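Small disclaimer: the values here were computed from a predicted structure and weren't measured. Residue numbers start from 1 in every chain, and the chains themselves are labelled A, B, ... in the order their sequence lines are given, proteins ahead of strands.
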Protein chains: 2
Amino acid sequence: MATRMKDIAVDLGVSLMTVSKALRNHSDISEETRERVLKRARELNYEPNWIARSLATRRTYMVGVVIPDLMHSFFAEVAKGIARRLDPLGYQVVISNTDENPAAERRQVDLLVARHIDGLIIATALPNWKLNAHAAFQAGATPYVLVDRMPAGLDANYVGVRDEELGEMATAHLLAQGCRRVAHLRGPATANSTGRLRGYKRALSKAGVDFHAEYVVQAGGGDMSGFTAMQHLLSLPSRPDAVFCYNDPVAAGAIQAVLESGLRVPADVAIIGAGNVHYSDQLRVPLSTIDQSSGLLGEEAAGLLVQCIEAKTPAKPSHILIPPRLIVRESSRRLAQAVMRT
Amino acid sequence: MATRMKDIAVDLGVSLMTVSKALRNHSDISEETRERVLKRARELNYEPNWIARSLATRRTYMVGVVIPDLMHSFFAEVAKGIARRLDPLGYQVVISNTDENPAAERRQVDLLVARHIDGLIIATALPNWKLNAHAAFQAGATPYVLVDRMPAGLDANYVGVRDEELGEMATAHLLAQGCRRVAHLRGPATANSTGRLRGYKRALSKAGVDFHAEYVVQAGGGDMSGFTAMQHLLSLPSRPDAVFCYNDPVAAGAIQAVLESGLRVPADVAIIGAGNVHYSDQLRVPLSTIDQSSGLLGEEAAGLLVQCIEAKTPAKPSHILIPPRLIVRESSRRLAQAVMRT
DNA sequence: TGTAGTAACTATAGCGATAAAGTGACTGAG
DNA sequence: CTCAGTCACTTTATCGCTATAGTTACTACA
């Protein structure tokens, strides 16, 4: 069996507590004894049993991460960012997948809270964070931070991208390419999607281009929805010459729809997405996108969460917003100077 | 604070053990008392404290999963398969990323074992599983299962694909398209890569095509390595007209190299990969590939692991091999009948 | 009628740590 | 010389649960 503190204690003829304190650099122990304990611990290959420790301290040094889709490289990158930040601090990251399913999300959150994780980072699939959405949070005060997705009507710790700025940046880029019939495939009814839509409108108005309601079509978030939504746009009497898509998967679906209809990207329809998922540059038409610094997002979320965990008193929710970055590739490049601009 | 068994016990005027047994459906308890306990537990919203339980039972119901790259959708899918199988059994899955780095892998495995996980599933980044590779396994007898990657010189529980069959299938397909100068971008020096290479050779010999050593080039495993390795192949005096790539990322890199050199895929060079990663059909040229049933792989590995965990006596290692499946897309389709063949 | 046997609980010890309070030997100020 | 004040430990009490060994009543059988 593994060595326990007691073994070291008996071995050294001291009390168990002396060992415990020595190992944790407690001030109560003489330099000499500490050395003896540390030495023997190393020799016996002692490893603290964190289960016992957790029971006594009520800390598990585990952090839960709940994301809608592991397969979406954006979230995988967020998760890696989180781990990168938390690993050196001794936290173990536990990732759960919800497949964009609110019920699954609730279940996973409950499971993690029941596991007594110290904190939670969530990219939620819930469009609005109704009271009672996550029962676990009412009772236990497990600290949590939201990333990327900001559900409507909630004030919580949040780390995300400036959505309005993102929408404006993407749209302005398309306008700068000379496109005038710029459409938008918007996402689900979340604060993010609404923010991006606002940015889209603002860019149009700044450029003095009229807003046409039929140019804004709802797409879910996956490539299939992008495909069908794009088909709809293509069927309009006055077909758009550019589309700002809610995210990269939607954009990938949109490109497919355009190509299948016999039109060209970007010559006939310029397209830009958002998220800069890692295969975007290998698509049939390398995809222009707005980078959301997914790794950084994760790191910031982790940092904020640790703050909350270690704070004695629960501070009021804070928001960290990261600026978007335009990445121009082939799918939206119509003018030579566009290359320069980036 | 959360309700404890003791609260229920006092509340009901029975002993703590009665509650404990009742909640675990122990035979020792009368139907009537059990009902009373269950009812009160529900009312008080009791949730067992698994940390305490773990301390007493020496089981955590956590399973570690160590993979080389979360961003690679193949592994993300394996992880999802594992979770799909383990979740209903009450296990929590803890995923760790190693970035293909052997040292990181060792560290992650140690961390997980120190966490007292019940078992481990590893897609290793170690080419050969030297003695002492994972110190954790010498001492503690944490059961583990390897997936996908089979390091050389080891007999352990393993779940993977029939590599030789995979290599033969891919190569035979390219030959069937009429290609005769079929090259192979092989992976690192692992049993998998070697198996695929054997399959490649066998297909050639079965078709009566001579084997040319210069047609086999080492590529790491990522798209960059595929890109440079392909450039090398293109510079050969007798340039290949088809390439079987170790995996999809390598194939994606290879396609890029071919296109950049001004040649066409598949007209000038047909390409096939392996793994069927989820964006393969959205690449510049939709990629033919060999599907490895990644989700199934994960499920099987999880099933095998649970068997090991629950076995009283450690059984001898078993191997589960899954047959590969050919998926023909544009990157290798030269003949009309190829469409029929699939 | 006495002895087993069973059903249904209860009591006692841990699991491997930590927190908080206690103890004895010195030290030093008044 | 005395008494409070450190220093360096040791003791005791949990943390919340489980395993194992009692402990009562009853029931049953010869």
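- In plain terms, the two heavy atoms of Val161(A) and Leu321(A) that are nearest each other are O-CD2, 3.9 Å.
- Atom CD1 of residue Ile29(A) and atom CG of residue Leu38(A) lie 11.0 Å apart, to the nearest 0.5 angstrom.
- Looking at Arg58(A) and Ser54(A), their side chains never bring a donor and an acceptor atom within 3.5 Å of each other.
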Nucleotide-resolved protein contact map, nucleotides 5-13 of chain C, B/S/- at heavy-atom distance under 4.0 Å: ---BBBB--
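- Residue Arg4(B) places no side-chain N or O under 4.0 Å from the OP1 or OP2 atom of dT14(D).
- Scanning residues 40-53 of chain A for heavy-atom distances under 4.0 Å to DNA chain D yields an empty list.
- With sequence neighbours excluded, the residues satisfying ring-ring contact (aromatic ring centres under 6.0 Å, His included) with Phe75(B) are His72(B).
- Across the protein-nucleic acid pair, Glu32(A) atom CD and dA8(D) atom P stand 10 Å apart, rounded to whole Å.
- Side-chain N or O atoms of Ser293(A) include none that pairs as donor or acceptor with a backbone N or O of Leu296(A) at under 3.5 Å.
- In this structure, Ala125(A) and Glu105(A) approach most closely via the heavy-atom pair N-OE1, 2.5 Å.
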List every contact pair, protein side and nucleotides 24-28 of chain D side both N or O, where the distance is under 3.5 Å.
none

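- Whole-Å rounding puts the Lys6(A) NZ to dC15(C) P distance at 7 Å.
- Rounded to an integer number of Å, the gap from Leu23(B) CG to dC17(D) P is 9 Å.
- Leu304(B) CG to Ile320(B) CD1: the interatomic distance, rounded to the nearest 0.5 Å, is 5.0 Å.
- Atom pair Leu55(A):CG and dG16(C):C1' shows a separation of 9 Å (rounding to whole Å applied).
- Between Arg58(A) and dA19(C) there is no side-chain N or O to OP1 or OP2 distance below 4.0 Å.
- When the C1' atoms of four end pairs are superposed on the next four at each end of the helix from dT1(C)-dA30(D) to dG30(C)-dC1(D), using five pairs per end, the two resulting axes differ in direction by 60°, to 10°.
- Distances shorter than 4.0 Å separate some side-chain N or O of Ser20(A) from OP1 or OP2 on dT18(C).
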Below 3.5 Å, can you tabulate the donor-acceptor pairs from side chains in residues 86-94 of chain A to any protein atom, sequence neighbours excluded?
| residue | atom | partner | partner atom | Å |
| --- | --- | --- | --- | --- |
| Asp87(A) | OD2 | Arg107(B) | NH2 | 2.4 |
| Tyr91(A) | OH | Arg59(A) | NH2 | 2.8 |

